[in-house]
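Report on the following structure.
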Amino acid sequence: MTNPTATALIERSNRLGADPRNTNYAGGNTSAKGTDTDPVTGQPVELLWVKGSGGDLGTLAEQGLAVLRLDRLRALVGVYQGVEHEDEMVAAFDYCLHGKGGAAPSIDTAMHGLVDAAHVDHLHPDSGIAIATAADGEALTARIFGDRVAWVPWRRPGFQLGLDIAEIQRLHPDAVGCILGGHGITAWGDTSEQAEANSLWIIDTAAAYIAEHGAAQPFGGVRAGFEALPATERRERAAALAATIRGIASQDRPMVGHFTDSDVVLDFLASEKAPALAALGTSCPDHFLRTKVKPLILDLPATASVDEQIARLRELHAEYRADYRAYYDAHATVGSPAIRGADPLIVLVPGVGMFSYGANKQTARVAGEFYVNAITVMRGAEALSSYAPISDAEKFRIEYWALEEAKLQRMPKPTSHQGRIAFVTGAASGIGKAIAIRLAAEGACVVVADLDLEKAQAAAAELGSTDVAIGVAADVADADAVQAALDEAVLAFGGVDLIVNNAGLSLSKPLLETTEKDWDLQHDVMAKGSFLVSKAAAKVLIEQKLGGDIVYISSKNSVFAGPNNIAYSATKADQAHQVRLLAVELGEHGVRVNGINPDGVVRGSGIFASGWGANRAATYGVAEEDLGRFYAERTILKREVVPENVADAVYVLTGPELSRTTGLHIPVDSGVSAAFLR
């Protein structure tokens, strides 16, 4: 970045965006006006640098800015034909761009270009939106800020709003910013530092006024029976409800979930006003675009049983879908985009917490964060006045705005496993880790389950943030440990879709040297372990009603009688038949069960590194370091098998291409004719 004006803008944006009190993730925009040299004429040219569409202030970089010629942008006022045509002005912004690259100009570009100030911030702080959504927000604005902040009545973002703010700024020369009714704040300044200071002053002044003058109990008293359950109990209840709620949120399309039981959420849900306020929905466009216009809130106390809550949630879901359909039908016009789905994105369970949903984990998490913002907004508005969000008609005009639809259509197409949640056992190393890496690369959220928690967490961290993967401890031979690991998975991502039974170990011994302890250990980890994991996971898969996949990493030895491995091969044969049995049993629920039979996976294998490799090398009379090549030479293809080859098979089996395949075992052994399936 060579232009100092743009550099200062990015630095200011990053500071403002780093504090959630100032604006939400990807919410708001900032701008700066300055000069640069026109490479065609060599003369100075006035430019507007503004945060582009879809970016985040906290992480804004040069490529996230749109750069426009200020003279051309302001000349659009002369061709503007009124609010009925203001959407056309967004396309006109493209004719004002300066140079190549950069981000697409956002709908708020006019606000930044038309306001007569060198630096402009448009933000969505909770304290500012609380004033903006109060029933007497205009009077509160005058009382709190005097003539330094003006009130702008609600108007959908666009060219006309930019003109409105510019006119209000002209009429209020002492103002440093404005409260946008139902929406947020805008502030300006002659320098970048001044604009930032003015933004923070509005935010902090509003927050201080609410704290000093607000009612002590803005949400009213506590509803008996709706108080927060003890921490352990509410997490258990959340895990018990998670599969049902994910199924509710995913009737139209599969969703990933996020759970939070923060005090902000629990206190709101315990309050007398929670049902009525939740029914009013959110107001700031950034809020309801991510949370839908209103949440689904369970109307039973926390003392109700799990079965009672599940039954009521299903009833409320049917009512929610009918209500959303009625909302769409009431406001849709001939040119409106098709309904995008009638399931809730926010589900509130008193005493337990909030479940939020999105196409991926980050979107689900951010949706929850936005609803927490909405709760804070409601608290502030109720503390000073009463919460009065924009109307459903106005919400619809934004939710089903042609410009919003175009933005959605520009989003990248989902990858094959996006929205799927994978639970992979023995995934801290070897084949399991390769599978986890491949599934994450294809868009899945991955739970790395392993006996060693520290290694599981380290492997998960290699895949990305906790929006991508988490590590959990899982002794697959212990039913309670398996259930605890699955509970962690559903609380982290909302549920599970794809189970890979990979955990294993191997002992290479002839019959007479194999002890009862050896036999039990092999069968406890692989045969019993796979059974326990599949059983616990099947409860979730069935309750979600989304289908799913269970994959067993069996072995060539499940069908091939190799020497000196009676315990290992017998338990692999057990696993292989579990595939067939479960394929038949779970098929009616849309769950596919398939197996993979690898062989000779030496490199990167935890099993071979633990002594199995040395034993097998001794059995075949080769050096341990030559074992992989030895296995390869005895195959038809003469190619060594590595963990990534097994991961490829898991990807294919669980992807869209084999959606009608179940009960299948795929050999990944480079061709061992003695192990051909017959």
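Values reported hereafter were calculated over all heavy atoms of this structure, with side chains retained and with hydrogens, waters and symmetry mates removed.
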Practice task
Please round to the nearest 0.5 Å and tell me the distance separating atom CG of L345 and atom CG of L289.
Solution key: 10.5 Å
Handout entry: P275 vs R223 side-chain heavy atoms within contact, under 4.5 Å
Key = yes
Practice task
Apply the test salt bridge (Lys or Arg N to Asp or Glu O under 4.0 Å) to residues D487 and R235: give CA-CA distance (whole Å), side-chain angles for both, the deciding distance (0.1 Å), then the verdict.
Solution key: CA-CA 9 Å; D487 286 350; R235 301 286 287 186; over 6 Å; no
Exercise for the section: Can you sort out the partners of D252 under salt bridge (Lys or Arg N to Asp or Glu O under 4.0 Å), two or more places apart, ordered by chain and number? Expected result: R321
Problem - Heavy-atom side-chain contact between I131 and L384 under 4.5 Å - result: yes
Exercise for the section: Could you give me the CA-CA distance, side-chain angles and deciding distance for V349 and I245, then say whether side chain to side chain contact (heavy atoms under 4.5 Å, CB included) is met? Expected result: CA-CA 10 Å; V349 181; I245 297 176; 4.0 Å; yes
Practice task
Answer yes or no: is there an ion pair linking R314 with E543, defined by an N-O contact shorter than 4.0 Å?
Solution key: yes
Handout entry: Main-chain N/O of V222 paired to E272 side chain as donor or acceptor, under 3.5 Å
Key = no
Problem - Pairing of R290 and D286 as salt bridge, 4.0 angstrom limit - result: no
Exercise for the section: For residues Y387 and R379, determine if any side-chain heavy atom of one lies less than 4.5 Å from a side-chain heavy atom of the other. Expected result: no
Problem - L140 side chain reached by I179 side chain, heavy atoms, under 4.5 Å - result: no
Practice task
Output yes when a side-chain donor or acceptor of N22 lies under 3.5 Å from a complementary backbone atom of L16, and no otherwise.
Solution key: yes
Completion exercise
Taken to the nearest 0.5 Å, the spacing of L316 CG from Q309 CD works out to 11.0 Å
Problem - SB check R21 D126 (cutoff 4.0 Å) - result: no
Practice task
Step through the shown structure and confirm whether more than 12 heavy atoms of other residues, nucleotides or ligands are within 6.0 Å of NZ on K545.
Solution key: yes
Handout entry: Evaluation steps, side chain to side chain contact (heavy atoms under 4.5 Å, CB included), between Y320 and K292
Key = CA-CA 12 Å; Y320 186 98; K292 257 196 170 71; 3.6 Å; yes
Problem - Heavy-atom side-chain contact between L180 and W154 under 4.5 Å - result: no
Handout entry: Pair D56-T59, side-chain hydrogen bond (donor to acceptor under 3.5 Å, both in side chains): steps then yes or no
Key = CA-CA 6 Å; D56 173 56; T59 56; 3.2 Å; yes
Practice task
Classify the angle between the aromatic ring planes of Y357 and F355 as parallel (below 30°), tilted (30 to 60°) or perpendicular (above 60°).
Solution key: parallel
Handout entry: T133 (side chain) donor-acceptor with I129 (main chain) under 3.5 angstrom
Key = yes
Practice task
With sequence neighbours excluded, tell me which residues meet salt bridge (Lys or Arg N to Asp or Glu O under 4.0 Å) with E399.
Solution key: none
Exercise for the section: Using the six-membered ring wherever Trp is involved, compare the ring planes of F396 and Y327 and label them parallel, tilted or perpendicular (cut-offs 30° and 60°). Expected result: perpendicular
Exercise for the section: For salt bridge (Lys or Arg N to Asp or Glu O under 4.0 Å), just list the numbers for R156 and E394, CA-CA rounded to whole Å, side-chain angles, deciding distance to a tenth of an Å, and then say yes or no. Expected result: CA-CA 8 Å; R156 189 174 69 171; E394 287 300 311; over 6 Å; no
Exercise for the section: Identify whether the distance between the nearest side-chain nitrogen and carboxylate oxygen of D343 and R246 falls below 4.0 Å. Expected result: no
Practice task
Report yes if some heavy atom in the side chain of L498 is under 4.5 Å from a heavy atom in the side chain of F423; otherwise report no.
Solution key: no
Exercise for the section: Ignoring hydrogens and angles, tell me if any N or O in the side chain of H317 forms a donor-acceptor pair with the backbone of I248 under 3.5 Å. Expected result: yes
Exercise for the section: Report the C-alpha separation of E233 and R237 in whole Å, then their side-chain angles, then the decisive distance to 0.1 Å, and conclude whether the salt bridge (Lys or Arg N to Asp or Glu O under 4.0 Å) test is met. Expected result: CA-CA 6 Å; E233 188 176 342; R237 179 63 63 94; 5.1 Å; no
Handout entry: Test item: side-chain donor near acceptor, N373 and T376, under 3.5 Å
Key = no
Practice task
Find the distance between OG1 (T415) and CG (N360) and round it off to the nearest 0.5 Å.
Solution key: 9.5 Å
Practice task
Indicate yes or no for a side-chain donor-acceptor contact from S199 to the backbone of A195 under 3.5 Å, with no hydrogens or angles considered.
Solution key: yes
Handout entry: Electrostatic pair R312:E308 at N-O distance under 4.0 angstrom
Key = no
Practice task
Give the intermediate values and the outcome of side-chain hydrogen bond (donor to acceptor under 3.5 Å, both in side chains) for residues S13 and T30.
Solution key: CA-CA 7 Å; S13 303; T30 52; 2.6 Å; yes
Exercise for the section: Please work out which of the three classes, parallel, tilted or perpendicular, describes the rings of Y400 and Y324, given edges at 30° and 60°. Expected result: tilted
Fill in the blank from the handout: To the nearest 0.5 Å, atom NZ of K294 lies from atom CG of L296 at 11.0 Å
Handout entry: Non-hydrogen side-chain atoms of H183 and P157 separated by less than 4.5 Å
Key = yes
Practice task
In plain terms, say whether D261 and R234 are close enough for a salt bridge, that is, a side-chain N and a carboxylate O under 4.0 Å apart.
Solution key: yes
Handout entry: Under 3.5 Å: donor-acceptor pair, side chain of D450, backbone of A428
Key = yes
Exercise for the section: For residues Y371 and M354, determine if any side-chain heavy atom of one lies less than 4.5 Å from a side-chain heavy atom of the other. Expected result: yes
Fill in the blank from the handout: So NE2 of H124 and CG of L57: to nearest 0.5 Å the spacing works out to 9.5 Å
Problem - Atom CD of E454 with >12 non-hydrogen neighbours under 6.0 angstrom - result: no
Practice task
Could you walk me through whether T186 and H122 pass side-chain hydrogen bond (donor to acceptor under 3.5 Å, both in side chains), step by step?
Solution key: CA-CA 4 Å; T186 296; H122 169 57; 3.3 Å; yes
Problem - Euclidean distance, M111 CE relative to I165 CD1, rounded to 0.5 Å - result: 4.0 Å
Exercise for the section: Could you tell me whether E196 and R15 have a side-chain N and a carboxylate O separated by less than 4.0 Å? Expected result: yes
Problem - Criterion side chain to side chain contact (heavy atoms under 4.5 Å, CB included) on V424 and L439, from CA distance to verdict - result: CA-CA 10 Å; V424 186; L439 293 177; 4.3 Å; yes
Practice task
Examine F145 together with W201 and report whether their ring centres are nearer than 6.0 Å.
Solution key: yes
Problem - Non-neighbouring partners of E212 that pass salt bridge (Lys or Arg N to Asp or Glu O under 4.0 Å), sequence neighbours left out - result: none
Handout entry: F219 vs I375, side chain to side chain contact (heavy atoms under 4.5 Å, CB included): CA-CA, chis, key distance, verdict
Key = CA-CA 10 Å; F219 291 149; I375 291 172; 4.1 Å; yes
Exercise for the section: May I ask you to say whether R12 pairs ionically with D121, meaning some side-chain N is under 4.0 Å from a carboxylate O? Expected result: yes
Handout entry: Under 3.5 Å donor-acceptor, N24 side chain and G27 backbone
Key = no
